[in-house]
2 protein chains.
Amino acid sequence: MDKEQITRILEENGIRPTAVRILVARILVNAESPLSLAELETSLDTAPKSTIFRTLNLFLQHRLVQGIEDGSNSLKYEFCHTQGNNKFDDMHIHFYCEECQHTYCLKNIQIPTIELPDGYSMNSINYMVKGICNKCNSDKQ
Amino acid sequence: MDKEQITRILEENGIRPTAVRILVARILVNAESPLSLAELETSLDTAPKSTIFRTLNLFLQHRLVQGIEDGSNSLKYEFCHTQGNNKFDDMHIHFYCEECQHTYCLKNIQIPTIELPDGYSMNSINYMVKGICNKCNSDKQ
DNA sequence: TGTTCATTTGCAACCCGGTTGCAAATGAGT
DNA sequence: ACTCATTTGCAACCGGGTTGCAAATGAACA
């Protein structure tokens with residue numbers, strides 16, 4: 001995705017498209033799996049982590065990215081590809097491999113929804129499966 | 001639950017029942033919601049956090065407790081009430097209130113299971129819903 | 001184009017949950 | 001009581017995340 005498209009996405013979400021923000025957004029859009037702050041920091045050795053951190057928080061507030069807790073004690077960030085008002089449609093599960101420590105997006109497995117008790121309102125869901133991935137399983141034998 | 005019962009549970013799980021372990025286990029067994037290391041530390045002002053930490057890790061290894069990531073950037077620990085070989089039966093969802101920062105066990109809502117792609121094997125699932133709890137919702141109006 | 005003011009960025013320092021090394025205390029087996 | 005492995009307490013450390021503040025940048029306008 002090129003600079004113009006990223007810029008448009010940022011503007012559509014009410015975010016001023018500065019240089020750093022476009023860089024961060026581009027990396028996230030093109031990533032095939034959720035990235036940590038540290039991973040973004042190494043991809044972007046021009047910007048300090050505080051700036052990236054603030055950028056990510058801004059994106060979170062605008063629901064442009066989603067935070068994923070995979071238990072690796074560093075939050076991962078994933079771009080929300082379904083823009084517009086049906087962002088909930090994109091809720092897929094994630095898989096954390098306890099061997100290679102990689103977090104996979106299982107994009108084609110939707111999170112099964114549940115009914116909350118009366119009075120509870122929902123903002124987001126995290127469905128995180130942990131185990132061993134196919135690559136590590138096949139390496140073992 | 002009294003000391004004898006706790007001791008028995010520890011022994012059944014191959015854990016030597018020392019004084020500190022019994023204390024930690026008792027708090028967790030009687031807790032109505034998952035507790036953080038810091039919360040256990042204040043309940044147990046006799047033991048330092050390093051000891052509690054190691055005890056919790058031991059319990060985790062033996063699957064006597066379950067770790068729950070609620071996004072509050074401190075891991076919560078919950079006792080696995082279903083002992084024996086059907087521990088997976090106890091997998092219920094959790095709810096994190098973004099207002100009062102409390103983590104609820106919704107014990108009577110089971111985690112809907114999914115089918116993993118070929119080659120992936122599962123060790124555990126975390127189903128975490130975030131939003132506003134009934135108490136905070138009713139306080140608002 | 002130059003000026004002004006709000007926003008954003010970079011840096012450095014800090015916070016805090018988690019983790020470790022090591023010596024002292026405890027516990028099980030003799 | 002003696003010995004050896006395990007557990008505990010303390011203190012120091014680590015690393016992800018967060019913040020304060022001054023410099024840089026950007027938008028609006030004369």
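Chain letters run A, B, ... following the sequence lines, proteins first, then strands; residues in each count from 1.
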Whole angstroms only, please: what is the [atom1]-[atom2] distance between [X] and [N]?
| X | N | atom1 | atom2 | answer |
| --- | --- | --- | --- | --- |
| A:L75 | D:dG15 | CG | C1' | 15 Å |
| B:L44 | D:dG9 | CG | C1' | 14 Å |
| A:L40 | C:dT9 | CG | P | 14 Å |
| A:N57 | C:dT8 | CG | P | 13 Å |
| B:L23 | D:dT8 | CG | P | 10 Å |
| A:I15 | C:dT7 | CD1 | P | 15 Å |
| A:I52 | D:dT19 | CD1 | P | 17 Å |
| B:F53 | D:dA12 | CZ | P | 19 Å |

Would you indicate which nucleotide in [options] comes nearest to any side-chain atom of [X]?
| X | options | answer |
| --- | --- | --- |
| A:S50 | D:dT8, D:dT18, C:dC11 | C:dC11 |
| B:T18 | C:dG17, D:dT8, C:dG10 | D:dT8 |
| A:R16 | D:dT8, C:dT7, C:dG27 | C:dT7 |

**OP:** Over all heavy atoms of both residues, which pair between A:K76 and A:S36 is shortest? Give the atoms and the distance, please.
**Re:**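 So the two residues come closest at CD-N, 3.5 Å.
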
Original post:
Starting at the 5' end of DNA chain C and moving along, which residue's nearest nucleotide shows up first, A:L58 or B:N73?
Top reply: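 Final value for this comparison: A:L58.
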
**OP:** Please figure out whether B:A19 or B:K49 has its closest DNA chain C nucleotide nearer the 5' end.
**Re:**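 Nearer the 5' end of the strand: B:K49.
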
**OP:** Please work out if A:A38 contacts a base, only the sugar-phosphate, or nothing of the nucleic acid, heavy-atom cut-off 4.0 Å.
**Re:**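 Nothing: the residue A:A38, judged by heavy atoms under 4.0 Å, touches no strand.
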
Subject >> is_close_aromatic(B:H102, B:Y104), centroid dist under 6.0 Å >> reply: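 When the ring centroids of B:H102 and B:Y104 are compared, they turn out to be within the sub-6.0 Å range.
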
**OP:** Could you go through the side chain to side chain contact (heavy atoms under 4.5 Å, CB included) check for A:R54 and A:L58 one step at a time?
**Re:** CA-CA 6 Å; A:R54 283 187 273 230; A:L58 185 69; over 6 Å; no

Subject >> hbond_proxy B:R54 side chain to C:dG18 base (donor-acceptor, 3.5 Å cutoff) >> reply: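 Answer no: no donor N or O sits under 3.5 Å from an acceptor.
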
Original post:
Does any donor atom in the side chain of B:H92 or B:E78 lie under 3.5 Å from an acceptor atom in the other side chain?
Top reply: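 Checked: B:H92/B:E78 side chains pair up, N/O donor to acceptor below 3.5 Å.
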
Subject >> Given B:E12, B:E4, B:E11, the one that forms salt bridge (charged side-chain N to carboxylate O under 4.0 Å, His left out) with B:R8 >> reply: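 It is B:E12; the other options fail the test.
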
Original post:
At under 4.0 Å, does any side-chain N or O of A:T51 touch on OP1 or OP2 of C:dT8?
Top reply: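 Result: no.
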
